[in-house]
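Down below is the structure, laid out as structure tokens.
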Protein chains: 2
Amino acid sequence: MEPVRRRRAVLHEARCQTCSLSSLCLPLSLEMEDMDQFDAIIRRRAPLKKGEHLFRQGDDFTSVYAVRSGSLKQITSEGAGVDQLTNFYLPSELVGLDAIDERHYPGSVIALETTTVCEIPFDRLDQLSEKLPELRNQLYRSMSKELRDDRRMMRLLSRKTADQRLASFLVKLSDRFRRRGYSPYSFRLSMPRADIGSYLGLAVETVSRIVSRFQAQEILAVSGREVQILNMAKLQQFAEEEDVS
Amino acid sequence: MEPVRRRRAVLHEARCQTCSLSSLCLPLSLEMEDMDQFDAIIRRRAPLKKGEHLFRQGDDFTSVYAVRSGSLKQITSEGAGVDQLTNFYLPSELVGLDAIDERHYPGSVIALETTTVCEIPFDRLDQLSEKLPELRNQLYRSMSKELRDDRRMMRLLSRKTADQRLASFLVKLSDRFRRRGYSPYSFRLSMPRADIGSYLGLAVETVSRIVSRFQAQEILAVSGREVQILNMAKLQQFAEEEDVS
DNA sequence: CGTTATCTTGAACCTTGTCAACACTCGTGG
DNA sequence: CCACGAGTGTTGACAAGGTTCAAGATAACG
């Protein structure tokens with residue numbers, strides 16, 4: 001979905017000040033001059049191709065990453081068990097905040113499509129956050145937001161039915177697209193059904209069945225990974241409705 | 001020679017430097033003089049009685065709280081749905097980090113027994129974290145750790161059977177007691193079964209049944225809320241074992 | 001000592017997982 | 001350009017784990 005441009009030319013575009021995501025990303029509240037300082041610690045990385053690892057579970061923690069384009073998934077394997085998909089990352093979101101404490105990444109992060117990221121070495125970020133209260137604050141906020149999202153996810157996993165989970169997932173995704181300037185009603189899923197299932201704690205078959213059912217109910221129109229939301233109200237209703245038993 | 005300390009006599013015990021939790025709590029890595037600065041921003045609070053709110057969902061965020069003694073639960077209500085218990089807090093743990101972003105607490109926090117907390121006004125903490133890199137780092141780490149724990153919880157909720165959930169819960173709890181200097185084999189649950197069920201995404205009845213089964217298997221000896229772990233190895237095995245189907 | 005909350009146990013039901021088979025898609029090489 | 005094959009997605013039948021409903025036992029508390 002994302003055009004792969006040759007890099008030389010892109011490099012100057014890769015500055016925070018000209019980045020279209022600057023209103024969502026970490027430096028969002030910085031003044032111009034502060035942003036320059038922030039910009040200076042960023043390392044640009046070659047785009048990841050679909051399926052490539054940004055890092056692997058257990059790798060030494062050195063940096064957090066801001067997604068510039070594309071999308072990634074985080075996968076955690078524990079013991080002899082099946083892998084669990086613990087997060088999807090879209091542009092402007094920060095990857096790796098859960099590794100600060102233990103100094104290695106608690107899960108592997110893999111590109112779902114061609115993806116570019118900005119690498120932010122954490123020790124430099126920490127230093128800079130000392131000088132720039134706005135940056136520090138933004139960092140606290142990012143982590144706090146992730147905590148809140150996690151709680152919402154726990155709620156989903158422990159209390160919602162399969163229908164409600166998928167509805168919630170789609171509503172949330174739609175909202176994230178909207179915030180990024182894309183259509184909230186028509187988008188492409190970059191992940192296979194199996195990943196959605198793993199994320200939502202459902203079997204692939206269940207995901208598939210519910211997608212079909214939502215189509216039958218004319219809530220969605222789906223063709224492969226292309227999704228159209230036909231009845232957002234209904235979908236939201238599904239998503240929010242709890243077991244009103 | 002003993003230096004003359006300025007102190008409010010009543011609160012003498014409540015100073016970080018003499019707090020038995022200092023090796024686990026937020027100021028854990030601070031030097032003496034830095035700890036004084038930290039100590040100065042703390043507000044002591046009257047103990048909460050069982051069932052009392054530390055704050056309610058939606059209240060304005062002003063402070064994070066460190067638990068000194070006792071325990072608390074966090075409850076989130078969303079929409080018209082049933083409440084969901086999203087966290088238990090034990091001594092030295094930080095309450096309220098998930099509120100930084102939105103400036104309101106995303107859930108109510110309620111004492112499970114008589115509980116004392118240290119109130120840490122967040123704006124003061126933020127200012128101080130500018131001057132004290134160790135403190136800042138500890139704050140990042142606390143949040144990061146919580147993120148990691150959340151991921152583990154999601155994994156539990158989406159992939160583990162009821163037996164595995166309860167086993168995980170008890171192993172984790174045991175470990176938390178051990179770290180705090182209490183027996184990891186014999187302790188008292190401060191929360192009712194219903195809370196455990198809500199936290200683990202299970203019906204109360206299921207929790208009860210499994211407790212009974214674990215007793216029959218001589219893994220536990222339970223009398224009301226008093227728990228003894230008779231076979232820790234077995235319990236851990238249960239907890240870690242994934243669906244090896 | 002009674003009243004209420006908490007906990008336990010049993011039985012029926014239901015949602016979702018599992019197994020199995022088949023359809024579709026896409027990229028690769030012949 | 002087509003054929004093939006692996007990966008991905010769909011659908012059905014069945015089993016199982018967990019919820020729900022119901023009732024009783026126990027513990028907590030004024």
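Residues satisfying the side chain to side chain donor-acceptor pair (under 3.5 Å) criterion with S142(B), sequence neighbours excluded, are absent altogether. Not counting sequence neighbours, the partners of A221(B) by the side-chain contact (heavy atoms from CB on, under 4.5 Å) test are Q228(B), L230(B). Remark: S168(A) pairs with K160(A) by the side chain to side chain donor-acceptor pair (under 3.5 Å) rule, at least two apart or across chains. Residues satisfying the salt bridge (charged side-chain N to carboxylate O under 4.0 Å, His left out) test with R225(A), not counting sequence neighbours, are none. Annotation: side-chain contact (heavy atoms from CB on, under 4.5 Å) contacts of Q57(A) (sequence neighbours excluded): T76(A), S77(A), S108(A). Annotation: side chain to side chain donor-acceptor pair (under 3.5 Å) contacts of D149(A) (sequence neighbours excluded): K145(A), R152(A). S92(B) meets the side chain to side chain donor-acceptor pair (under 3.5 Å) test with R180(B); sequence neighbours excluded.
Checking dT11(D), dC7(C), dT8(D) against every side-chain atom of P192(A), the shortest atom distance belongs to dT8(D).
Summarising the geometry, the separation between CD1 on I196(A) and P on dT10(D) is reported as 10 Å, rounded to the nearest angstrom. At whole-Å resolution of the value, CG in L220(A) and C1' in dG9(D) are 16 Å apart. Atom CZ in R225(A) sits about 10 Å away from atom C1' in dG9(D), given to the nearest Å. We find that CG of L200(A) is positioned 16 Å from C1' of dT15(C), with the value rounded to whole Å. Look at CZ on F214(B): it is 17 Å from P on dC7(C), rounded to the nearest Å. With rounding to whole Å, E226(A) atom CD is found 14 Å from dT25(C) atom C1'.
Judged as a salt bridge (Lys or Arg N to Asp or Glu O under 4.0 Å), not a single pair has a partner in residues 49-67 of chain B (not counting sequence neighbours). Here side-chain hydrogen bond (donor to acceptor under 3.5 Å, both in side chains) pairs that include residues 204-218 of chain B, with residues two or more places apart or in two chains, are D163(B)-R213(B).
With respect to D175(A) and K172(A), no salt bridge is recorded, no charged nitrogen being found less than 4.0 Å from a carboxylate O.
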Where do N or O atoms of nucleotides 22-30 of chain D meet protein N or O atoms at under 3.5 Å, pair by pair?
none

Enumerate all atom pairs, one protein N or O and one N or O from nucleotides 13-18 of chain D, separated by less than 3.5 Å.
| residue | atom | partner | partner atom | Å |
| --- | --- | --- | --- | --- |
| dG18(D) | OP1 | A162(B) | N | 2.7 |

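Among the protein residues, S212(B) comes within range of the sugar-phosphate backbone only, with heavy atoms under 4.0 Å from sugar or phosphate atoms but none that close to a base.
Axis angle across the helix from dC1(C)-dG30(D) to dG30(C)-dC1(D), with five pairs used at each end and values rounded to 10°: 40°.
Pairing each heavy atom of R148(B) with each of P106(A), the nearest pair is CD-CB, 3.7 Å.
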